[in-house]
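Note that the structure is a prediction, hence the values are computed from the model and not measured.
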Amino acid sequence: GIGSGFDGAGQAGVAQLDGLLAQLPLGLAMTDRDGRFLCGNEAFLRSSGYRRDEVLGRTSLELGLWAEPAQRDGVMAELRVRGAVHGFEG
């Protein structure tokens with residue numbers, strides 16, 4: 001998975017999540033509080049079009065994953081306030 005070899009904080013927990021995410025057919029990834037990618041799965045890499053080394057430690061904005069970058073600000077604000085985002089369709 002994409003968490004392999006990343007030296008960020010919480011590497012042990014990231015490795016466990018990486019193993020779980022690898023089993024899922026949906027593209028999923030996890031970021032830190034700053035929005036930098038920590039781990040994810042192969043389905044995420046395929047859908048993003050990036051390699052593991054291009055994703056780790058970078059943000060979705062840096063990678064150009066948002067068609068409308070301003071939407072990310074709204075999603076991040078909701079995450080900070082509510083702790084989750086439900087029903088978002090980009």
Side-chain angles (χ1 to χ4, degrees):
I2 70 170
S4 306
F6 185 65
D7 293 330
Q11 181 61 30
V14 169
Q16 290 176 333
L17 282 173
D18 197 39
L20 289 172
L21 293 176
Q23 303 300 314
L24 301 173
L26 300 173
L28 297 170
M30 184 176 77
T31 65
D32 64 15
R33 289 181 185 236
D34 295 325
R36 298 198 177 281
F37 287 103
L38 298 173
C39 70
N41 62 14
E42 292 301 317
F44 172 77
L45 290 174
R46 281 191 304 275
S47 67
S48 72
Y50 288 100
R51 295 183 322 264
R52 175 184 312 127
D53 62 315
E54 295 173 315
V55 171
L56 291 179
R58 298 188 63 201
T59 69
S60 58
L61 286 177
E62 290 171 338
L63 296 172
L65 297 179
W66 289 89
E68 296 292 331
Q71 287 181 329
R72 180 186 181 274
D73 296 336
V75 168
M76 295 303 290
E78 188 168 343
L79 277 172
R80 280 190 286 280
V81 171
R82 298 175 191 247
V85 176
H86 299 284
F88 175 79
E89 293 185 29

Using distance only, find each side-chain donor-acceptor pair of residues 73-82 under 3.5 Å and give its atom names and separation, not counting sequence neighbours.
none

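Applying the side chain to side chain contact (heavy atoms under 4.5 Å, CB included) criterion to Thr31, with sequence neighbours excluded, gives Phe37.
Under 4.0 Å is where a charged nitrogen must lie from a carboxylate oxygen, and between Arg51 and Asp53 at least one such pair does.
Residues Asp34 and Arg72 approach most closely at O-NH2, 3.8 Å, considering heavy atoms. Considering all non-hydrogen atoms of both residues, Ala43 and Pro25 come closest at CB-O, 3.5 Å.
Of the listed residues (Thr59, Leu56, Val55), just one forms a side-chain contact (heavy atoms from CB on, under 4.5 Å) with Arg36, and that residue is Thr59.
In this structure, Asn41 contributes its side chain and Leu26 its backbone to a donor-acceptor pair below 3.5 Å.
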